[in-house]
Q: 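Pasting in a structure now, in structure tokens, and then I'll have a few things to ask.
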Amino acid sequence: MTDAVAHTPEEAHKGKDTAEERVSYLRAGHSLASWLTTTDHKRIAILYLIAITGFFFIGGSAAALMRFELISPHGMLLSNEGYSRAFTMHGVIMVWFFLIPSIPNTFGNFLIPLMIGAKDLAFPRLNLLSWYIYIIGGCFTLYALVGGGVDTGWTFYTPLSSLFANGHVVALVTAVFVAGFSSILTGLNFIVTIHTLRAPGMKWSRLPIFVWSHYATSLILVLATPVLAITLVLLAAERLFGIGIFNPALGGDPILFQHLFWFYSHPAVYIMVLPAMGVVSELVCAAARKRIFGYAFVAGASMAIAGVGFLVWGHHMFVAGESALAATIFSFLSLVVAVPSAVKVYNWTATLYKGDILLDPPFLFAMGFIGLFTVGGLTGLMLAMLAIDVHVHDTYFVVAHFHYIMVGGTVSAFFGALHYWWPKITGRMYSLTWGRIDAALIFFGFNLTFFPQFILGYLGMPRRYHVYDPSLQVWHVMSSAGASILAVGYILPFIYLYAALRSAKPAGPNPWGATGLEWTTASPPPKHNFDHPVQVTHEAYDYENAPQPGEHR
Amino acid sequence: MSGRASQETSQGVTLKEPYARPGQQREADFLGMYLFLASEIMLFGVIVALLFADRFRHPGAAEQAAQRLKIWIGTANTAVLLTSSLFVALAVVAARAGKAKAVTGWLAAAVLLGLTFLGLKGFEYAEDFAEGVWPVLGRATPGNLFINLYFVATVLHAVHLTVGVGLLSWAGVRVKMQRTRLPGQAIVIEMTGLYWHFVDVVWVFLFPLLYLPRP
Amino acid sequence: MGKETGQLLATWAALMALLAITVVAALAPIGPVKGLVNIAAAVVKAALIYWVFMHLKQVGGFLRIAAVGAAVWLLILGAMLYADISTRV
Amino acid sequence: MNGLPPDMPANPLPFWPPAASAYAHALDRLVVSFSALIIALALPVFVLIFVFAIRYRRGRKVNRTAKERGDLWIEIGWSVIPFVLTLYFFVQASVLYAQQTRPPANALRIDVVGKQWMWKFQHPEGQGEIDDLHVPAGEPVMLNMASQDVIHSFYVPALRLKRDVVPGRYTRMWFIADQPGVYPIECSQFCGMNHPRMRGSLHVMSAADYGRWLQVSQVEQTLADQGAATYRKAGCSGCHDHGAVMRAPSLAGLAGQTVPLEGGQTVVADAQYLRDSILQPGREVVAGYPALMPSYQGSLDEGQVQTLVAYLQSLATKTPEVPR
Ligand code: HEA
Ligand code: HEA
Ligand code: CUA
Ligand SMILES: [Cu+2]
């Protein structure tokens, strides 16, 4: 099925479809089956978008529950166990079912072929398969959740998880294990696509930074995820059969589990932030209407982060009983990995210099990202300092650190991407005013939620506590108040973005006047992405020759 | 299903949707498979790392425990797998030359060897259990840890091998039924072969690490 | 028998010879070096399989890196694990 | 409850924790100075983004010529300079950390067992405590920590110190608390259901108060004496003492010695080794002896093993020159 058929009566009544929309990928088949069996990367991206949004709200509900509980120092709503289950599900869902797939599997999936001028990813059916694998993993998670939850924390430390915890540890571990294969297949698909399907003229030095950072991310996905997979298998085997590899009573070593877990999970934090950095690089250039400052350095920094990121995992174990020598090495390497991040942050800032800056919603989100990521990253440096970490390890200081990067950083970038490419994905422009309000709301709510947690942490409030000293209540109340603002900030876009779908304002192919191949095709793009053969003649971010932003954008 | 367009090129290679040139498609297939196997390297690599860590933490224990394993079955199985790899490699040569008959023959031989491996392994497990080399009832001795790792590693390998046997059989049947046409679609045999060889490589490392530690 | 087939057979023969060496080394009373011999033989065997059977001989540079680059990451894992385990107090 | 020291006025808006040791003050100084550095590194970013966004916003007429595309020296400058600056703090933090790993020889040793969900303390004089720990001010104290079940983490915010308590091994931590008072002890590693309630109090007492406390809470047996009792009760003497039927190595003077093992290695008989010998005897077998010693895993808990270790170590100090 292609053009102009089978509209819902409502749409036909409104009669607002543009010609582009009628031949777009969105209309290439209307049945549910046409979506569930699609191999079109753009449709799979939308399948992911729907799925991760669902998980974001489940994980967010757990966060809401925790923040509500923490208003009172005595624990008013949840039992100890209930609270443990809440943060475990929150962590697991947010990390593996929301944040890791968030930007790569939606925007990466949608945009990489468009940005390099390809018709699709290298292995379209594999792409669909990895969505199904992700969904199967998600079902295991939901089963573990509905079946009563798990109380181990997202880190599954042994021997608690293997010998002591009750609850559906094996189901949840299976969920993460399965979802891991989705990650591996997606990463593999991206690497192969970027290597083999670049359009004529799309040299490596002309790739958008977004593509570079996804390339780096994919390397981590392929090389780190299997380590987690096998570690979780060993954990399950330990729990089911008592094979003892992590059990000190049988001569095993629980610290070994932590090594393997973090060998994956530290690189995984770069899986979560590199795509966001890619998004922000696009947004900053589009905002400033300039070529990115130091293209080669920004691109190279992605690769450097991916590489050096594999060398620092031990900084999660400074007080866990790893040797002082290893701790010192890991501490040092953690400082090294900050250098490429510094390169990125400073280059983005320099890109804005003498720009022609648009203050539209996507760009506000991008600036929010830069600020919050910087705070999160620099507090990460504090954590990397051995003696400082001894004090703040496993306190709210750490919680604040990673929320600054993951929520303040990556989630902001995710929303920035959503606002930037929404017109491309759907063909419709949303209300910019509401978008700006939302960006401000999220920025403000975020800081109110998580800044107090730095103070709580330094005061010595351990994480995973739901009863605490009453003297700390003020900070927790502030944090919970911020979280409610944040919740509004996250729900709001659903209203105005949905409204945009129904509105009469077609976005046109290039509302922001941006460079990049994805803006040269229709919005929404046709099924095969480009109507004409693509030939690349310019480097990326050639804003000198870019069209002007649309009047009403 | 919004099926993927595919077409035959002049060389008889089936060209699938996002690709414009056969060389491009071929490179993509190889790169994809190598990367998948790279992820498998990491998977099995962890087990190898654990074996080393175990030997470091409990000096002497592995050397003791390994003597309880059946070194001759292990050796025979290594030979079986290496030979099966040869057969698969020959199948690839035949596939590239378009000799469908030879391909099915070599694949059948390789499948047979794969099954031999699994049979021997099963027999070995049975013997192990009979002799009390048994993972679950581990007593608090380091030797048991080694035995447990032995079981994890070999079971994981056997699972991969079983998948491999399935893939080889599937490829053989497709060639036989002319669903996979040669040499145009020799890539199918090549990819299956890569996987099979990889499973062989895994065993090449597991064998000395598990069976051969001796004081 | 084509040239290619001959090469494959030679490789197979080399693999079997290496297998024999390994087993003999393991059983012979040559002390701790046997561990090294075993690992070395395994690495050579794997290299042969990758090079000949798995076509690394024929493919381009980047594909070669993609195929065996993961070994470097494993070495990282091993080295850092060792740095910890061997110096714990 | 387990909150701030009762003799301190409750601060309605606390934002800095009390510090009970010179180390804590040193760490605070490090944190403050490092914070100053990271603010200095971050501020330009914040300010410039803000300034650029306003100054160069679209529609405003400003000079936008000379658009730089990058510069090698700028790139090197802003990566190397911050890095070198952080290195200074890296050294300081690592030195502080390294000090932590080396307890002074004269430290008062207190044995700690973490178990779901309480802290047990055993003083050398034999006093046992649960969740409350009394220590003298101004004296080095070394905690020798074991876990009965899962990983816990012994955390005293006022000392700025924590250390995971890992099953299967002893971890150590030491401090000189110089500010008498009562400070919270927390378990900071998630350890199951009652993790948030696994808390206690550290009572830092002046030397005089501490002496009085020792008197009041005096028990009949010192830790080593308790160990000696366990030694007899558990049947160790049946094999290890002179004239026993079984041939087992003599344990007098063992602690601190270098022990030759089956297989050629040697090992120093520290607390960890003694513990492992009792709970996992098969792991390291003494050269020349049959591996016949039964494991006491399950029949002796970590606390009892600590008494045994104390006893065996006391044998070493009493008769240092026993030839092996
Ligand atoms: C997206 C996720 C993400 C990212 C990108 C990072 C990035 C970093 N993280 Fe973070 N981290 C987490 C997520 C993340 N982290 C999570 C989830 C945990 C807790 C896990 C758990 O226990 O549950 C954690 C925990 C954690 C710890 C352990 C804390 C503890 O448990 O005790 C440490 C310790 O070193 C650390 C360090 C760092 C460092 C040095 C970086 C660096 O990469 C940051 C680099 C960035 C910058 C430095 C800012 C920009 C630079 C400048 C403005 C220029 C100036 C810079 C220089 C000095 C060169 N992190
Ligand atoms: C990866 C992404 C990610 C994201 C996006 C978030 C988002 C949030 N997180 Fe989370 N967090 C983690 C990852 C993440 N977190 C991890 C890994 C841990 C560690 C877990 C562990 O210790 O094992 C953690 C732990 C953690 C803690 C510490 C718990 C503890 O140690 O005791 C807290 C406490 O405040 C918290 C709060 C929040 C808040 C307020 C948000 C907000 O940003 C969320 C905002 C979103 C919403 C609020 C959704 C909006 C929807 C609704 C409001 C619907 C509500 C409906 C009903 C209530 C019916 N998180
Ligand atoms: Cu013990 Cu937490
Ligand atoms: Cu990390």
Q: Is C:Ile49 close to chain B through its backbone or its side chain, or both, or neither, when contacts mean heavy atoms under 4.5 Å?
A: side chain

Q: Measure across C:Met16 and B:Ala79 and return the closest heavy-atom pair with its distance rounded to 0.1 Å.
A: CE-CB, 3.5 Å

Q: At a heavy-atom distance under 4.5 Å, which candidate from B:Gly45, B:Ala53, B:Ser39 has the highest pair count against chain C?
A: B:Gly45

Q: Is it the backbone or the side chain of B:Phe52 that comes under 4.5 Å from a heavy atom of chain C, or both, or neither?
A: side chain

Q: Among B:Val88, B:Leu194, B:Leu37, B:Ile71, single out the residue with the greatest number of heavy-atom pairs under 4.5 Å to chain C.
A: B:Leu194

Q: Please report the shortest heavy-atom distance between B:Tyr34 and C:Met54, naming the atom on each side.
A: OH-O, 2.6 Å

Q: With a 4.5 angstrom heavy-atom cut-off, is it the side chain or the backbone of C:Leu15 that approaches chain B, or both, or neither?
A: both

Q: Measuring heavy-atom distances to chain B, does C:Val43 have an atom under 4.5 Å in its side chain, in its backbone, in both, or in neither?
A: both

Q: Show the nearest heavy-atom pair for residues B:Ala38 and C:Ala70, with the distance to one decimal.
A: O-CB, 3.7 Å

Q: Among B:Val93, B:Leu35, B:Asp200, B:Thr83, single out the residue with the greatest number of heavy-atom pairs under 4.5 Å to chain C.
A: B:Thr83

Q: Can you tell me which portion of C:Thr11 sits under 4.5 Å from chain B's heavy atoms? Options are side chain, backbone, both or neither.
A: neither

Q: Indicate the atoms forming the closest heavy-atom contact of C:Ala42 with B:Val204, along with that distance.
A: O-CG1, 3.5 Å

Q: Tell me, for B:Pro215 versus chain C, whether the close heavy atoms (under 4.5 Å) come from the side chain, the backbone, both or neither.
A: backbone

Q: Could you report the tightest heavy-atom contact between B:Leu82 and C:Phe53, atom names first, then the distance?
A: O-CE1, 4.5 Å

Q: At a heavy-atom distance under 4.5 Å, which candidate from B:Leu86, B:Ile41, B:Val48 has the highest pair count against chain C?
A: B:Leu86

Q: Non-hydrogen atoms of chain C under 4.5 Å away: do they reach the side chain of B:Phe198, the backbone, both or neither?
A: both

Q: Which atom names give the shortest non-hydrogen contact between B:Leu31 and C:Ala66, and what distance separates them?
A: CD1-CB, 3.6 Å

Q: Report which part of C:Gln7 has an atom under 4.5 Å of a heavy atom belonging to chain B: side chain, backbone, both, or neither.
A: neither

Q: Using non-hydrogen atoms and a 4.5 Å limit, figure out which bit of B:Arg96 sits close to chain C: side chain, backbone, both or neither.
A: side chain

Q: Taking side chain as everything from C-beta outward and backbone as N, CA, C, O, which of these in C:Leu19 sits under 4.5 Å from a heavy atom of chain B? Side chain, backbone, both or neither.
A: side chain

Q: Please examine the side chains of C:Asn38 and B:Tyr211, heavy atoms only from C-beta on, and report whether any two atoms are closer than 4.5 Å.
A: no

Q: Side chain from CB out, backbone as N, CA, C, O: work out which of these in C:Leu56 comes under 4.5 Å of a heavy atom of chain B, or both, or neither.
A: both

Q: What residue, out of C:Leu18, C:Val52, C:Leu27, C:Leu48, has the most heavy-atom pairs lying under 4.5 Å from chain B?
A: C:Leu27

Q: Does any backbone or side-chain atom of B:Trp72 lie under 4.5 Å from a heavy atom of chain C? Answer side chain, backbone, both or neither.
A: side chain

Q: Do B:Phe30 and C:His55 come within less than 4.5 Å of each other through their side chains, counting heavy atoms only?
A: yes

Q: With a 4.5 angstrom heavy-atom cut-off, is it the side chain or the backbone of B:Val46 that approaches chain C, or both, or neither?
A: both

